[in-house]
S.K.: 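Structure below; questions to follow.
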There are 2 protein chains.
Amino acid sequence: MAKLAHDHTAEDCVELVTIFQNLSETDLETVATLVTDHHYKSGEYLFTAGDAADSLLILAHGQAKVFQMAANGKEQMLRILQTGDFDGEAALFANSDHNSFAQALMDTDVCQISRQDFQKLMQETPELAVNMVNALGRRVAQLEQQTTEVTTSSVESRLANYLLETSAGLDKTVFTLPLKKKDIATYLGTTPETISRKLTSLAKQGMIQKISNNEFKILNADRLMMID
Amino acid sequence: MAKLAHDHTAEDCVELVTIFQNLSETDLETVATLVTDHHYKSGEYLFTAGDAADSLLILAHGQAKVFQMAANGKEQMLRILQTGDFDGEAALFANSDHNSFAQALMDTDVCQISRQDFQKLMQETPELAVNMVNALGRRVAQLEQQTTEVTTSSVESRLANYLLETSAGLDKTVFTLPLKKKDIATYLGTTPETISRKLTSLAKQGMIQKISNNEFKILNADRLMMID
DNA sequence: CGATCTGTTGATCTCGCTCAACGTAAGTGG
DNA sequence: CCACTTACGTTGAGCGAGATCAACAGATCG
């Protein structure tokens, strides 16, 4: 496990994160002064439902899952935060509480900006606000996609897509699943058992190859794409 | 049916629409000059998948449904646009095509602003950008909710929630469903047959009362809320 | 090394989808 | 205004994808 060599987390945020792209040097320095940073160990919660949502979180390093809990106790994964992603848009528009949970999947560095500071920053830095609108626009599109897929296509199809996307994201045909199957299951709106079965089934059909427990190889991307 | 008396659509947009709230008089006048307006008859499409998405649409008057079409031909309703709502955030961040459809459910007036003009406007008017961020934040929260509900709770529960929300939105316990059951079905990720059955079932259980074909009365909101 | 968590496999059940037939409204043109 | 067409809605019967329950097998970890 690589040790975090330096405590440059604030600068990391500012540099790494897409919403701060294209800002002037001076603006970036201002941002850096407003940011506070936190470290979370794997398994710790960045926030839980009911917490006051009064700041924007930016993931400087690591990985975290964001999920909601339904009334019946079932989890629904909403997204995986990767380095450079942010969350807490709920924080931006009103005094409200989080309705979701965020849990670190590995050791993770997070930067925070308070709602107040961030709103002020947007007023003073239109580029930032525009970047923010763009980022949220993408987020909306991604969520619409997720909603549509979950309700219109089969688990097998959703899993196939997930494998393809993961593979594409890592730019490898042989890749390690970044999530536990339990989490993949709630992400795809299904159960671990079903994931297990479908992976076996896809392997039997020769579309993927199981290398190790959570390492897979895409053998036939075209057929995976065609699953209804 | 009220006749649209005047062609003040551009001003209507600017006045009605939440994202233009809090703007100065001069800013509002600028906005009004950039807006073009269109009228659509019930059933006409505001845009379809594949169209170039190069402008923001604001619904000045009427109602429209936005939906995606899955590979297998199934519709998934994403949302209903009401007076004051906007769509086309995809248009805001890149040259891209629409991946969804928008169809007028009644006679509808729509205002458009081109991506270029709108981006420029946001640069010059930070308040607008901040409003936009807030509106998109709300949208994200709503979509996360929809995704979670669709995957974690039963059709009966989703339908019950839909009835409660609709009733609450209209502020009446006796209310007319604003959508055809076909559309409610795709909104809730199910089929018309199932909607029909579940409505009958809820009525039999005494939680709602069927007044006419698409008029209903909430009899027991508490029990409706409790359905898992 | 036990203990706890995650994954696999099998057996069973059930919700809601599909297909089909029919009823009801709503528009269209004579 | 009524016959005709075309959409929408309802009801029934049957089926199937996937959830659930349960038992076991690896992993992971203190």
Side-chain angles (χ1 to χ4, degrees), chain A residues 1 41-44 65 70 72-77 103 105-107 149-160 162-163 176-205 208 210-216 227-228, chain B residues 1 41-43 65 70 72-77 103 105-107 149-160 162 176-205 208 210-216 227-228:
Chain A
M1 190 107 326
K41 291 204 175 58
S42 180
E44 288 183 337
K65 63 169 177 170
N72 53 25
K74 279 194 196 170
E75 282 185 20
Q76 169 63 36
M77 273 256 326
Q103 185 179 25
L105 294 174
M106 53 173 74
D107 286 17
E149 269 199 26
V150 159
T151 56
T152 56
S153 48
S154 69
V155 170
E156 195 158 308
S157 162
R158 280 177 266 156
L159 177 57
Y162 176 77
L163 294 173
T176 305
L177 289 176
L179 291 180
K180 291 177 189 155
K181 294 194 185 146
K182 199 178 131 190
D183 287 329
I184 298 177
T186 75
Y187 182 62
L188 298 178
T190 180
T191 60
E193 293 95 324
T194 300
I195 293 288
S196 183
R197 286 186 239 273
K198 292 298 177 188
L199 279 173
T200 310
S201 159
L202 290 177
K204 261 187 196 147
Q205 293 172 64
I208 62 173
K210 183 172 176 170
I211 308 237
S212 78
N213 209 320
N214 51 356
E215 244 187 329
F216 290 86
I227 298 174
D228 172 76
Chain B
M1 192 108 321
K41 290 205 176 58
S42 180
K65 63 170 177 169
N72 52 25
K74 279 194 198 169
E75 281 186 19
Q76 169 64 36
M77 274 256 326
Q103 185 179 24
L105 295 175
M106 54 174 74
D107 285 17
E149 268 199 26
V150 159
T151 57
T152 56
S153 48
S154 68
V155 169
E156 194 158 309
S157 162
R158 280 176 266 156
L159 177 58
Y162 176 77
T176 306
L177 291 176
L179 291 180
K180 292 177 189 155
K181 296 198 181 140
K182 201 178 131 189
D183 288 328
I184 298 177
T186 76
Y187 182 61
L188 298 178
T190 181
T191 59
E193 291 96 324
T194 300
I195 292 287
S196 183
R197 285 186 239 274
K198 293 298 177 188
L199 279 173
T200 310
S201 159
L202 289 177
K204 262 185 197 147
Q205 293 173 63
I208 62 172
K210 184 172 177 171
I211 309 244
S212 79
N213 209 318
N214 51 357
E215 244 188 329
F216 290 86
I227 297 173
D228 173 77

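Values below: all heavy atoms of this structure, side chains included; hydrogens, waters and symmetry mates excluded. Numbers restart at 1 for each chain; the letters A, B, ... are given by sequence-line order, proteins then strands.
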S.K.: In this structure, how many angstroms lie between the P atom of dA7(D) and the CD atom of Q103(B), rounded?
M.R.: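 So the two atoms are 13 Å apart, to the nearest Å.
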S.K.: First locate atom OG of S153(B), then atom NZ of K74(A), and finally report the distance between them rounded to the nearest 0.5 Å.
M.R.: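 The NZ atom of K74(A) is 8.5 Å from OG of S153(B), to the nearest 0.5 Å.
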S.K.: Atom NZ of K198(B) and atom P of dT10(D): how far apart are they, to the nearest Å?
M.R.: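 It works out to 15 Å between those atoms.
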S.K.: Treating D107(A) as the side-chain partner and S42(A) as the backbone partner, does any N or O pair qualify as donor plus acceptor under 3.5 Å?
M.R.: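 It does hold such a pair.
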S.K.: Does any donor atom in the side chain of T151(B) or Q76(A) lie under 3.5 Å from an acceptor atom in the other side chain?
M.R.: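 Looking only at side-chain atoms, Q76(A) and T151(B) do form a donor-acceptor pair, the distance falling under 3.5 Å.
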S.K.: Using ring pair (Phe, Tyr, Trp, His ring centres under 6.0 Å) as the criterion, list what pairs up with F216(A), not counting sequence neighbours.
M.R.: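 Partners of F216(A) by the ring pair (Phe, Tyr, Trp, His ring centres under 6.0 Å) criterion come out as none, since no residue qualifies.
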S.K.: For the helix from dC1(C)-dG30(D) to dG30(C)-dC1(D), what angle separates the axis at the start from the axis at the finish, each from five pairs, in steps of 10°?
M.R.: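 Inter-axis angle at the ends, rounded: 50°.
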S.K.: Going by number, which of residues 180-187 of chain B have a non-hydrogen atom under 4.0 Å from DNA chain C?
M.R.: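 Within this stretch, nothing sits under 4.0 Å of the strand.
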S.K.: Could you tell me how far apart K204(A) (NZ) and dT9(C) (C1') are, to the nearest whole angstrom?
M.R.: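 Those two atoms, NZ and C1', are 10 Å apart.
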S.K.: Round to a whole Å and report the spacing from CZ of R158(A) to C1' of dA17(D).
M.R.: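 From R158(A) CZ to dA17(D) C1': 11 Å.
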S.K.: For K182(B), I'd like to know if atom NZ has over 12 heavy atoms of other residues, nucleotides or ligands within 6.0 Å.
M.R.: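 Not buried by this count: 12 neighbours or fewer within 6.0 Å.
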S.K.: Rounded to whole angstroms, how far apart are CG on L159(B) and C1' on dC15(C)?
M.R.: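 Interatomic distance, CG of L159(B) to C1' of dC15(C): 15 Å.
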S.K.: From CG of L179(A) over to C1' of dG7(C), roughly how many Å is that when rounded to an integer?
M.R.: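 In whole Å, dG7(C) C1' lies 15 Å from L179(A) CG.
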S.K.: Treating primed atoms plus P, OP1 and OP2 as sugar-phosphate and everything else as base, which nucleotides of nucleotides 19-26 of chain D get B, S or - for protein heavy atoms under 4.0 Å?
M.R.: SBB-----
S.K.: Under a 3.5 Å threshold, yes or no: a donor from one side chain and an acceptor from the other, between T194(A) and T191(A)?
M.R.: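 On atom types as modelled, these side chains qualify, holding a pair under 3.5 Å.
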S.K.: Taking NZ from K210(B) and P from dG9(D), how many angstroms apart are they, rounded to a whole number?
M.R.: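 Taking NZ of K210(B) and P of dG9(D), I get 10 Å after rounding.
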S.K.: If you round to the nearest 0.5 Å, how far is CG of L179(B) from CG of L188(B)?
M.R.: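 Going from the CG atom of L188(B) to the CG atom of L179(B) covers 9.5 Å.
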S.K.: What pairs with Q103(B) under side-chain contact (heavy atoms from CB on, under 4.5 Å), at least two apart in sequence or on another chain?
M.R.: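 With sequence neighbours excluded, Q103(B) shows a side-chain contact (heavy atoms from CB on, under 4.5 Å) to Y45(B), K65(B), F67(B), given in chain and number order.
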S.K.: List the atom pairs, donor and acceptor, that lie under 3.5 Å between side-chain atoms in residues 195-205 of chain B and the rest of the protein, sequence neighbours left out.
M.R.:
from    : atom 1 : to      : atom 2 : distance (Å)
T200(B) : OG1    : S196(B) : O      : 2.9
S201(B) : OG     : Q205(B) : NE2    : 2.8
Q205(B) : NE2    : S201(B) : O      : 3.3

S.K.: Roughly how far apart are I184(A) CD1 and Y162(A) OH, rounded to 0.5 Å?
M.R.: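 Going from the CD1 atom of I184(A) to the OH atom of Y162(A) covers 4.0 Å.
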S.K.: Which distance, rounded to the nearest 0.5 Å, do you find between the CG of D183(A) and the CG of L105(A)?
M.R.: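 Separation between the atoms: 6.5 Å.
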S.K.: Distance check needed: dC15(C) P versus E156(B) CD, whole Å only.
M.R.: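 Distance check: E156(B) CD to dC15(C) P gives 10 Å.
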S.K.: Closer than 4.0 Å, any side-chain N/O of T200(A) to the OP1 or OP2 of dT9(C)?
M.R.: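 So the side-chain polar atoms of T200(A) do come within 4.0 Å of the phosphate oxygens OP1 or OP2 of dT9(C), strictly under.
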